[in-house]
Amino acid sequence: DIAETTAEAYFGRGRYDYKLSDRLFYTVGAGWERNRFSGLDNRWLVDTGLGYILVSGDRTSFRGAAGVTYTSEDYTVDDGRDGSFFGARAGWDFRQRLFSSTTLTHTLIADANLEDTDDLRLDSQLGLHVAMSSRLGLRVNWRLLWDNQPALAEYELFAPGAGGNTPERLQDWCRNSGLLLEAQLQAELRPDTTDAAPGRGVNSAAVRRILASDLKAQLAAIVHRLE
């Protein structure tokens, strides 16, 4: 049998968290996604909001956040919908350190379209993060995606006819959840002040704000399955 690609997806995300107090933080992020097998050619999303740190320990971290989003989507099949809209987002980020360089992670993101309340999406990720250095790590991840109002996808069928099997195009809604296995490269960039010399007139409050900053980038590998 000839190998045929039956699933292929790409996504990238970036996030910046700014700590306002011991528990409260401001967050802003952006992301891009493509899954043409599910009818999604491009999805660009930016979000901003506030978060709260519920648990912060040496081994366990749990935080929640909520905010607003702006989404712009391009579809492989035109279904008449406007792909640009404002939305609301809520979610959490849980981390449990198992060993010195290995951490169990779980994130949940719920997105809602404020212009169409039936348009809901869930993105749940459960993974193991292995630190390669103080700033770079590799994560093996199970990702569950659910879309209540998915894009219209197009499939090729073969129907019997006078001239043999002729290709036809079938359009259908992909109202299914998907479970994906991914490998991710994740970077966490924090300011390094270990070489700062004392007594140089540095504003200590500004230094504390810089140390509270947290910039994260996440890039997923191609999901590629052959049958």
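The figures that follow rest on heavy atoms only: side chains count, while hydrogens, waters and symmetry mates do not.
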Participant: Is there side-chain contact between W32 and R13, with at least one heavy-atom pair below 4.5 Å?
Facilitator: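 No, their side chains stay 4.5 Å or more apart.
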
Participant: Going by the rule side-chain hydrogen bond (donor to acceptor under 3.5 Å, both in side chains), which residues pair with T27 if we only count those two or more places apart in sequence or in a different chain?
Facilitator: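 Per chain and number, T27 pairs via side-chain hydrogen bond (donor to acceptor under 3.5 Å, both in side chains) with R15, D17.
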
Participant: Under a 4.5 Å cut-off applied to non-hydrogen side-chain atoms, are L20 and L50 in contact?
Facilitator: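 Yes, side chains in contact.
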
Participant: List in chain and number order the residues that pass side-chain hydrogen bond (donor to acceptor under 3.5 Å, both in side chains) with D119, two or more places apart in sequence or in another chain; answer none if no residue qualifies.
Facilitator: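 side-chain hydrogen bond (donor to acceptor under 3.5 Å, both in side chains) list for D119, sorted by chain: N113.
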
Participant: I need the S84 OG to W44 CH2 distance, nearest 0.5 Å.
Facilitator: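 Between S84 OG and W44 CH2, I get 13.0 Å after rounding to 0.5 Å.
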
Participant: Kindly give the heavy-atom pair with the smallest separation between D47 and A30, and that separation in Å.
Facilitator: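 Taking every non-hydrogen atom into account, OD1-N, 4.2 Å.
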
Participant: For R81 and Y75, what are the C-alpha separation, side-chain angles and deciding distance, and is it a side chain to side chain contact (heavy atoms under 4.5 Å, CB included)?
Facilitator: CA-CA 9 Å; R81 287 189 296 174; Y75 310 114; 4.0 Å; yes

Participant: State whether D41 and R36 are salt-bridged, where the test is any N-O pair (Lys NZ or Arg NE/NH1/NH2 against Asp/Glu carboxylate O) under 4.0 Å.
Facilitator: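 Salt bridge present between D41 and R36.
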
Participant: With rounding to the nearest 0.5 Å, note down the distance linking OG in S61 to CD1 in I53.
Facilitator: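 Rounded to the nearest 0.5 Å, the OG-CD1 separation comes to 7.0 Å.
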
Participant: Would you call W146 and D123 a side-chain contact if the rule is heavy atoms closer than 4.5 Å?
Facilitator: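 With C-beta onward as the side chain, the pair stays apart.
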
Participant: Give, for atom CG of N42 and atom CD of E73, the distance between the pair rounded to the nearest 0.5 Å.
Facilitator: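 Between N42 CG and E73 CD, I get 10.0 Å after rounding to 0.5 Å.
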
Participant: What is the distance from atom OG of S124 to atom CH2 of W142, rounded to the nearest 0.5 Å?
Facilitator: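 It is 13.0 Å, given to the nearest 0.5 Å.
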
Participant: Check for me whether R143 meets the cation-pi criterion with F11, that is, NZ or CZ under 6.0 Å from the six-membered ring centre and within 45 degrees of the ring axis.
Facilitator: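 Judged by the rule, R143 and F11 form a cation-pi pair.
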
Participant: Salt bridge check: are R34 and D74 linked by an N-O gap of less than 4.0 Å?
Facilitator: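 Here R34 does not pair with D74 in a salt bridge, since their nearest N and O are not under 4.0 Å apart.
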
Participant: Go through L98 and L128 one step at a time and tell me if the side chain to side chain contact (heavy atoms under 4.5 Å, CB included) criterion holds.
Facilitator: CA-CA 9 Å; L98 304 177; L128 280 177; 3.9 Å; yes

Participant: State the CD-CZ distance between E33 and R43, to the nearest 0.5 angstrom.
Facilitator: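 Between atom CD of E33 and atom CZ of R43 there are 5.0 Å.
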
Participant: Hey, could you give me the CZ/CZ distance between R59 and F99, rounded to the nearest 0.5 Å?
Facilitator: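 That separation rounds to 8.5 Å.
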
Participant: When you compare the side chain of I109 with that of D111, does any pair of heavy atoms fall below 4.5 Å?
Facilitator: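 Side-chain contact under 4.5 Å: yes.
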
Participant: Could you tell me which non-hydrogen atom of G51 sits nearest to which non-hydrogen atom of L24, and how far apart they are?
Facilitator: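 Looking at all heavy atoms of both residues, the closest pair is O-CD1, 3.2 Å.
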
Participant: Taking all non-hydrogen atoms of both residues, which atom of L120 and which atom of A112 are closest, and how far apart?
Facilitator: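 Heavy atoms of L120 and A112 come nearest at CD2-CB, 3.5 Å.
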
Participant: List for me each residue that meets side-chain contact (heavy atoms from CB on, under 4.5 Å) alongside L114, sequence neighbours excluded, and say none if there are none.
Facilitator: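 Partners of L114 under the side-chain contact (heavy atoms from CB on, under 4.5 Å) test: A88.
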
Participant: Go through it in stages, so that I can follow the logic: the residues are Q149 and D116, the test is side chain to side chain contact (heavy atoms under 4.5 Å, CB included), and I'd like the CA-CA distance, side-chain angles, deciding distance and then a yes or no.
Facilitator: CA-CA 10 Å; Q149 199 174 87; D116 183 357; 3.0 Å; yes

Participant: Does any part of the side chain of L45, heavy atoms only, come nearer than 4.5 Å to the side chain of R89, both counted from C-beta?
Facilitator: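 Contact flag for R89/L45 side chains = yes.
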
Participant: Hey, mind stepping through L126 and L104 against side chain to side chain contact (heavy atoms under 4.5 Å, CB included) and telling me if it holds?
Facilitator: CA-CA 8 Å; L126 177 66; L104 176 70; 3.9 Å; yes

Participant: Test of understanding: with side-chain hydrogen bond (donor to acceptor under 3.5 Å, both in side chains), list the residues that count as partners of T48, not counting sequence neighbours.
Facilitator: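 Only Y26 meet the side-chain hydrogen bond (donor to acceptor under 3.5 Å, both in side chains) criterion with T48.
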
Participant: Tell me, please, which residues at least two apart from Q96 pass side-chain hydrogen bond (donor to acceptor under 3.5 Å, both in side chains).
Facilitator: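 Q96 satisfies side-chain hydrogen bond (donor to acceptor under 3.5 Å, both in side chains) with T60 only.
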
Participant: Going hydrophobic residue to hydrophobic residue with side-chain gaps under 4.5 angstrom, can you get from Y18 over to V28?
Facilitator: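 Yes, because Y18 and V28 connect within a single hydrophobic cluster, where side-chain heavy atoms sit under 4.5 Å apart.
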
Participant: With hydrophobic residues grouped by side-chain heavy-atom distances under 4.5 Å, do Y16 and Y70 end up in a single group?
Facilitator: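 Different clusters: Y16 never reaches Y70 through Ile, Leu, Val, Met, Phe, Trp or Tyr contacts under 4.5 Å.
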
Participant: Using side-chain contact (heavy atoms from CB on, under 4.5 Å) as the criterion, list what pairs up with T105, not counting sequence neighbours.
Facilitator: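 Expected list: R95, T103, H129, R139.
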
Participant: Less than 4.5 Å apart, side chain to side chain, heavy atoms only: is that true for Y52 and F25?
Facilitator: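 When only atoms from C-beta onward are counted, F25 and Y52 do not touch, as no gap falls below 4.5 Å.
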
Participant: Could you tell me whether the side chain of S56 reaches within less than 4.5 Å of the side chain of R63, counting heavy atoms only?
Facilitator: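 The answer is no; the side chains never approach within 4.5 Å.
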
